[in-house]
Amino acid sequence: MSETVEDIGTYDYVIVGAGTAGCVLANRLSADPAMRVLLLEAGGKDDYFWIHVPIGYLYTQNNPRTDWCFKTEPEEGLNGRALNYPRGRVLGGCSSINGMIYMRGQARDYDQWRQLGNRGWGWDDVLPFFKRSQNYVHGADEMHGSGGEWHVEEMRLSWEILDAFREAAAETGIPKTGDFNRGNNEGCGYFQVNQRRGRRLSTAVAFLRPAMERPNLRVLTHAQAKGLRFEGKRAAGIAFWQGERECFARAGHEVILAAGAIGSPHLLQVSGVGAPELLSRHGIALAHPLPGVGENLQDHLQIRLVFKVSNTVTLNQRANSLVGKAMMGLEYFLFRRGPLTMAPSQLGAFARSDAARETPNLEYHVQPLSLDKFGDPLHRFPAFTASVCNLRPQSRGFVRIKDANPRSYPAIKPNYLSAGDDRKVAADAIRLTRRIAAARALARFQPEEYRPGAALKSDEELARAAGDIGTTIFHPVGTCKMGSDPMAVVDDRLRVHGIAGLRVVDASIMPTITSGNTNAPAIMIAEKAAAMIAEDRRAAS
């Protein structure tokens, strides 16, 4: 590597990470032609065919072209297993490889953030920012927006077995719903998705691509951050590699970290911001002590129950037939319909694991298919999978550097099922799923529990089974949490405590995980952050 560092100039805002939040920020901040904005992305352009075909997540996750290909540490709660931990490494970030499900969470999630002392983050405060970028298929109303960049559409297919599961859920006390995004998502229905006429819509397509025509926005791909540079207690800019060339960009106003719940805390730690003991152990000079950096990791663990069925066709049969595969391809390329438009999960449900819960604490992702683990071939027998996750886990993990090299991967340890309440919820969730499978509406399909196996009954057996079949649903948050307590990393305007000119804007700022999929909340966070950044700039001028 060359010993020289190329200074690429001064920008008003330098954004690290062109993922879900970074693309939104780049659009909104560069809308002011007086502001020069630089956006850095460690991955490449989003010109890979499978990014844009909805079923293509099968080929983008665990693919180094589009994914960081992280792994967790071995997890005691998963009986010693380590999990693949997909995170987008391409323009659009996770929105280019995720499940495309549009889900805000529950009003109580955001009201709790406000009750923790985070001003301006209650449900009534954040709802306008959800609506701002939305283009809702059914038009605007008091809960939805239209005309924005972020298309929210209905699924373009249905399955007999999923319709029956929905009926069975209703028989079990989970009402039908057509909209999960009105503040209380209780019920069962088909998910709405971020697609446009059968193609994936990423934030790179929706927000970044239109903004790239602006002369005041510069986007650099294959640009991996090396470390923040400080002048006293102010972030002066960012050093990064573009290929093997080392560069430096100065920030006139702010450096904004939008590298996600893994990338943002990792970059802070290698830059000397974090727990003093951790940094000292790896020979990193302390720039500013913040013990909460990388702590408070929360994620949704999905427990994948598989049921064999009869008297119906599932994707297992279609995908294991040459004729079926050909027909699926033809249906997609002629009509933009059929299984190639499928999100990883089609039917959703929100329910309570027990009656004492104030609001639903379980989310189902139900699929007309089954496999042993992600990446394996589909089973040859007809089946459906009912994945269920605890929406509000008590277990907390961490993201911590393993050495001082910015290119080394950090230790990722979610500590799944380490809390007793999480193990109890897992056991109750399996029992509820069994009750749904035994309901009258599914009887004609003769569901037979394949995994984890009907012989397992006790709380202890079911919690251990959850550890055997549980896997991430790709919702890591919380590692640069917002707040004013000693473990908080950013304040309620997302400014890093104790350092001027530095913010974090991504899902890592969530003090507690939202009750649902996390992509839409990340967009909302970026929308709100962009508005606050503009307000703060005007107030300072």
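These figures come from a predicted structure and were not determined experimentally.
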Does the H475 side chain pair with the main chain of I473, one donor and one acceptor, at a distance under 3.5 Å? yes
Between the side chains of Y13 and S30, does any donor sit under 3.5 Å from an acceptor? no
Spacing of CD1 belonging to I8 relative to CD belonging to Q242, to within rounding of 0.5 Å: 7.5 Å
Whether the side chain of Q192 engages the backbone of Y102 through a donor-acceptor N/O pair (distance < 3.5 Å, no angle test) should be reported. no
Quick check: do I523 and T203 have side-chain heavy atoms less than 4.5 Å from each other? yes
Option passing side-chain contact (heavy atoms from CB on, under 4.5 Å) with Y450 (candidates V306, T385, L305): V306
Just checking, any donor-acceptor pair under 3.5 angstrom between side chains of R87 and Q61? no
Shortest non-hydrogen contact from P406 toward Q224: O-NE2, 3.7 Å
Does anything in residues 391-402 form a salt bridge (Lys or Arg N to Asp or Glu O under 4.0 Å)? List the pairs, not counting sequence neighbours. E73-K402, E295-R400
Between the side chain of D67 and the main-chain N/O of N62, is any donor-acceptor distance below 3.5 Å? yes
Before accepting this row, confirm whether a basic side-chain N of the pair D372/R304 lies closer than 4.0 Å to the acidic partner's carboxylate O. no
Under a 3.5 Å cutoff, is there a donor and acceptor pairing between the side chains of D109 and T514? no
Would you tell me whether E41 and T221 have side-chain atoms, one donor and one acceptor, within less than 3.5 Å of each other? no
Tell me, do V270 and I401 make a side-chain contact under 4.5 Å, heavy atoms counted? yes
Is there a side-chain contact between M510 and M482 (heavy atoms, below 4.5 Å)? no
Any donor-acceptor pair under 3.5 Å linking the side-chain atoms of N79 with those of R464? yes
Taking the side chain as every heavy atom from C-beta outward, state whether P410 and F70 have any pair of such atoms under 4.5 Å apart. yes
Between E244 and R407, does the salt bridge (Lys or Arg N to Asp or Glu O under 4.0 Å) criterion hold? Intermediate values first, please. CA-CA 12 Å; E244 291 301 310; R407 284 177 161 162; 3.6 Å; yes
Let me see the working for V293 and V399 under side chain to side chain contact (heavy atoms under 4.5 Å, CB included), right down to the final yes or no. CA-CA 8 Å; V293 172; V399 173; over 6 Å; no
Validation row: N519, N517 side chains within 4.5 angstrom (heavy atoms): no
Holding to salt bridge (charged side-chain N to carboxylate O under 4.0 Å, His left out), I want the full list of residues that pass it with R209, two or more places apart in sequence or in another chain. D46
Between V477 and A507, the two heavy atoms sitting closest are CB-O, 3.3 Å
Could you tell me if R65 and Y48 have a donor-acceptor pair between their side chains, going purely by distance under 3.5 Å? no
Looking at R196 and E153, does any basic side-chain N land under 4.0 Å from a carboxylate oxygen? no
Ignoring hydrogens and geometry beyond distance, is a side-chain donor-acceptor pair present between T314 and W159 at under 3.5 Å? no
Main-chain N/O of A261 paired to T479 side chain as donor or acceptor, under 3.5 Å: yes
Taking the inter-plane angle between the rings of F130 and Y110 on a 0 to 90° scale, is it parallel (under 30°), tilted (30 to 60°) or perpendicular (over 60°)? perpendicular
Counting only N and O atoms by type, is there a donor-acceptor contact under 3.5 Å from the side chain of N27 to the main-chain atoms of L208? no
Main-chain N/O of R199 paired to H52 side chain as donor or acceptor, under 3.5 Å: no
Under the side chain to side chain contact (heavy atoms under 4.5 Å, CB included) criterion, do I412 and L83 qualify, and how do the steps go? CA-CA 10 Å; I412 302 169; L83 300 180; over 6 Å; no
State, yes or no, whether a side-chain contact exists between I15 and L29 at a heavy-atom distance under 4.5 Å. yes
Checking F191 against H365 for the ring-ring contact (aromatic ring centres under 6.0 Å, His included) test, could you report, in this order, the C-alpha distance in whole Å, the side-chain angles of both residues, the deciding distance, and whether it holds? CA-CA 9 Å; F191 288 122; H365 291 75; 5.2 Å; yes
Would you give the length of the straight line joining atom NE2 of H266 to atom OG of S408, rounded to the nearest 0.5 angstrom? 6.5 Å
Any donor and acceptor pair, going by atom type alone, linking the side chain of N185 with main-chain N or O of N181 inside 3.5 Å? no
Set of residues satisfying salt bridge (charged side-chain N to carboxylate O under 4.0 Å, His left out) with respect to R156, sequence neighbours excluded: none
Is any side-chain heavy atom of L220 closer than 4.5 Å to a side-chain heavy atom of F240? yes
List the atom of W68, the atom of A42, and the distance in Å for their closest heavy-atom pair. CZ2-CB, 3.6 Å
Quick one: does D422's side chain have a donor or acceptor within less than 3.5 Å of a partner on Q394's backbone? yes
Once rounded to the nearest 0.5 Å, what's the spacing between atom CG of N194 and atom OG1 of T20? 9.5 Å
Option from Y190, Y364, F350 for which ring-ring contact (aromatic ring centres under 6.0 Å, His included) with F180 holds: F350
Give me the atom names and distance for the closest heavy-atom approach of P377 to L371. O-CB, 3.6 Å
Using the rule given for side chain to side chain donor-acceptor pair (under 3.5 Å), can you reason through T72 versus Y416, listing the C-alpha separation, both sets of side-chain angles and the distance that settles it, and then say yes or no? CA-CA 11 Å; T72 70; Y416 296 118; over 6 Å; no
Is a donor on one side and an acceptor on the other found under 3.5 Å between the side chain of N316 and the backbone of F381? yes
Stepwise, does the side chain to side chain contact (heavy atoms under 4.5 Å, CB included) test hold for V490 with R503? CA-CA 7 Å; V490 300; R503 292 191 210 229; over 6 Å; no
Point-to-point distance, once rounded to the nearest 0.5 Å, from CG of L91 to OG1 of T66: 12.0 Å
I need the R200 CZ to T60 OG1 distance, nearest 0.5 Å. 6.0 Å
Would you please name every residue forming a side-chain hydrogen bond (donor to acceptor under 3.5 Å, both in side chains) with S418, sequence neighbours left out? S395
Give, for atom OG of S271 and atom CD1 of I238, the distance between the pair rounded to the nearest 0.5 Å. 6.0 Å
Just jot down the side-chain contact (heavy atoms from CB on, under 4.5 Å) partners of R250, sequence neighbours excluded, or say none. T10, E231, A236, F248
P393 to H300 - nearest heavy-atom pair and separation: CD-CD2, 4.1 Å
Answer yes or no: is there a side-chain heavy-atom contact under 4.5 Å between R104 and M524? no
If only atom types and distance count, is the side chain of N296 paired as donor or acceptor with the main-chain N or O of K481 below 3.5 Å? no
Going by the rule side-chain hydrogen bond (donor to acceptor under 3.5 Å, both in side chains), which residues pair with Y85 if we only count those two or more places apart in sequence or in a different chain? D299
Is R81 salt-bridged to E75, cutoff N-O under 4.0 Å? no
If you take all heavy atoms of G260 and D506, which pair is closest and at what distance? N-OD2, 2.8 Å
